[in-house]
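A quick write-up on the structure given underneath.
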Amino acid sequence: MNEIDIGITIYVIFMIVAAFVSFKYGSTMIRKTRLFLPQVLIAGTINLALGIFAIIGWFFFSWGVNEFLFFGGLVLGVVLLVVGEAVLITILFLKRKKWIQQ
């Protein structure tokens, strides 16, 4: 593996970890406070912020390497960010009744 493969792997793993961290925060706080909408907004904001940090890191990594790598990584990051937000909100919404009733 060369440095570009390692960079892409770290980038994708960071985006997945960001979604997981925001899910854990959202699920824990929904169970603790019994408030759904404020905790989903905070969890979504955490995911968005970590995703933007990953995209900014990708800019710094790929800017001098190759412009196709730069734009391809940008598209990959935006797609992962949108999919991560959608999955996060969907899972939190589907499990909200169970967590609020506990």
Side-chain angles (χ1 to χ4, degrees):
M1 290 182 80
N2 59 9
E3 68 180 24
I4 294 173
D5 294 337
I6 294 170
I8 291 173
T9 304
I10 291 171
Y11 184 47
V12 171
I13 289 173
F14 188 83
M15 296 293 271
I16 293 170
V17 168
F20 181 73
V21 165
S22 59
F23 170 75
K24 288 303 283 181
Y25 171 82
S27 64
T28 303
M29 294 308 290
I30 288 170
R31 277 187 242 133
K32 185 182 266 189
T33 64
R34 308 283 192 257
L35 298 173
F36 178 70
L37 188 60
Q39 300 306 333
V40 169
L41 290 174
I42 293 170
T45 304
I46 290 170
N47 191 26
L48 182 68
L50 291 175
I52 288 174
F53 287 146
I55 290 172
I56 290 171
W58 181 256
F59 285 162
F60 287 125
F61 170 74
S62 66
W63 182 256
V65 177
N66 186 350
E67 61 271 0
F68 295 113
L69 181 68
F70 175 77
F71 288 114
L74 176 64
V75 170
L76 176 66
V78 169
V79 167
L80 286 174
L81 188 60
V82 169
V83 168
E85 286 283 342
V87 168
L88 172 70
I89 292 170
T90 302
I91 291 174
L92 290 177
F93 185 74
L94 291 175
K95 295 190 177 224
R96 74 181 159 99
K97 286 185 182 179
K98 177 183 157 189
W99 289 334
I100 290 174
Q101 290 175 356
Q102 287 181 345

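None of these values were measured; they are calculated from a predicted model.
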Atom pair [atom1]/[atom2] of [X] and [Y] - distance to nearest 0.5 Å:
| X | Y | atom1 | atom2 | result |
| --- | --- | --- | --- | --- |
| I30 | K32 | CD1 | NZ | 13.0 Å |
| S22 | L48 | OG | CG | 10.0 Å |
| I56 | I52 | CD1 | CD1 | 7.0 Å |
| I46 | F23 | CD1 | CZ | 13.0 Å |
| I55 | L50 | CD1 | CG | 11.5 Å |
| L41 | F36 | CG | CZ | 9.0 Å |

Do [X] and [Y] share a hydrophobic cluster, counting only Ile, Leu, Val, Met, Phe, Trp and Tyr and linking them when any side-chain heavy atoms are less than 4.5 Å apart?
| X | Y | value |
| --- | --- | --- |
| I91 | L35 | no |
| W99 | V40 | yes |
| L76 | F60 | yes |
| L74 | F53 | no |
| I89 | V83 | yes |

Any side-chain to backbone donor/acceptor pair from S27 onto K24? Under 3.5 Å, distance only. yes

Between E85 and N47, is there a donor-acceptor pair closer than 3.5 Å when you use the side chain of the first and the backbone of the second? no

Distance-minimising heavy-atom pair for L81 and G51: CD1-CA, 3.8 Å

Do you know which two heavy atoms are closest between E3 and F61, and how far apart they sit? O-CZ, 3.5 Å

Holding to side chain to side chain donor-acceptor pair (under 3.5 Å), I want the full list of residues that pass it with S62, two or more places apart in sequence or in another chain. W58

Donor-acceptor pairs under 3.5 Å, side chain of residues 4-20 to any protein atom, not counting sequence neighbours: which ones?
residue : atom : partner : partner atom : Å
T9      : OG1  : D5      : O            : 2.7
Y11     : OH   : G73     : O            : 3.0
Y11     : OH   : G77     : N            : 3.4

F59 meets the ring-ring contact (aromatic ring centres under 6.0 Å, His included) criterion, sequence neighbours left out, with F70

